[in-house]
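Scroll down for the structure; my scribbles are underneath it.
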Amino acid sequence: LRGIALMTPLLVCSAASAGECQARCAIGSAQRAVAMAREQGALWTTAAAAMLQAQRALEQGDCATALDLAARAREHAELGLEQKTYPAVK
């Protein structure tokens, strides 16, 4: 499901910096991907862990790290969804 676009609504950001706006947007997108994977029973623990770390990094003002971790969380959530489509191994 790598090609699935998780639509990110256009937001007006009142954050202190452009980096913070980007990090908040990336975290929002990752949260939607993680929620979708969780709902379908396909959530990898690495996705959940990266999501929590991204949120903590943003709280600490480390926008670059938050952006990287949010991207990892989204990627791992999407990979979990993709993996669910594979045939079961006997």
Side-chain angles (χ1 to χ4, degrees):
L1 299 179
R2 277 197 172 275
I4 292 180
L6 297 171
M7 299 303 290
T8 303
L10 187 57
L11 300 174
V12 176
C13 186
S14 61
S17 70
E20 184 179 348
C21 282
Q22 288 178 321
R24 287 186 185 282
C25 187
I27 287 173
S29 179
Q31 286 173 327
R32 287 186 291 282
V34 166
M36 185 182 300
R38 181 176 285 122
E39 288 169 9
Q40 295 188 29
L43 182 61
W44 288 3
T45 56
T46 54
M51 185 74 258
L52 290 173
Q53 291 170 348
Q55 291 169 324
R56 285 190 197 119
L58 183 62
E59 289 169 3
Q60 295 171 357
D62 188 349
C63 295
T65 299
L67 198 55
D68 289 343
L69 289 166
R72 182 181 309 158
R74 179 177 170 165
E75 178 185 20
H76 287 202
E78 289 173 350
L79 287 170
L81 289 166
E82 183 177 333
Q83 182 182 34
K84 190 170 175 146
T85 66
Y86 297 161
V89 177
K90 292 184 181 181

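The shown structure was predicted, so the numbers you read here are calculated from the model rather than taken from an experiment. Quick note: numbers below take in every heavy atom, side chains included, and nothing from hydrogens, waters or symmetry partners. Index from 1, following the sequence.
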Between [X] and [Y], which heavy-atom pair has the shortest distance, and what is it?
X: Leu67; Y: Gln22; result: CD1-O, 3.5 Å
X: Ala73; Y: Ala30; result: CB-CB, 4.1 Å
X: Cys63; Y: Ala23; result: O-CB, 3.9 Å

About how many Å separate CZ of Arg24 and CG of Leu58, when rounded to the nearest 0.5 Å?
-> 5.0 Å

Any chance you could measure Glu59, atom CD, to Arg56, atom CZ, to the nearest 0.5 Å?
-> 8.0 Å

Under the 3.5 angstrom rule, does the side chain of Thr85 hit a backbone N or O of Glu82 as a donor-acceptor pair?
-> yes

Is the shortest heavy-atom distance from the side chain of Asp68 to the side chain of Arg72 under 4.5 Å?
-> no

Using atom types as modelled, flag every donor-acceptor pair under 3.5 Å from a side chain in residues 44-55 to any protein atom, sequence neighbours excluded.
{"unit_1": "Trp44", "atom_1": "NE1", "unit_2": "Gln83", "atom_2": "OE1", "d": "2.9"}
{"unit_1": "Thr46", "atom_1": "OG1", "unit_2": "His76", "atom_2": "ND1", "d": "2.6"}

Sole residue of Arg38, Gln31, Arg32 in side-chain contact (heavy atoms from CB on, under 4.5 Å) with Val34 = Arg38

Flag yes if Leu69 and Leu43 sit in one hydrophobic cluster, no otherwise; membership is Ile, Leu, Val, Met, Phe, Trp, Tyr, and two members link when side-chain heavy atoms are under 4.5 Å apart.
-> no

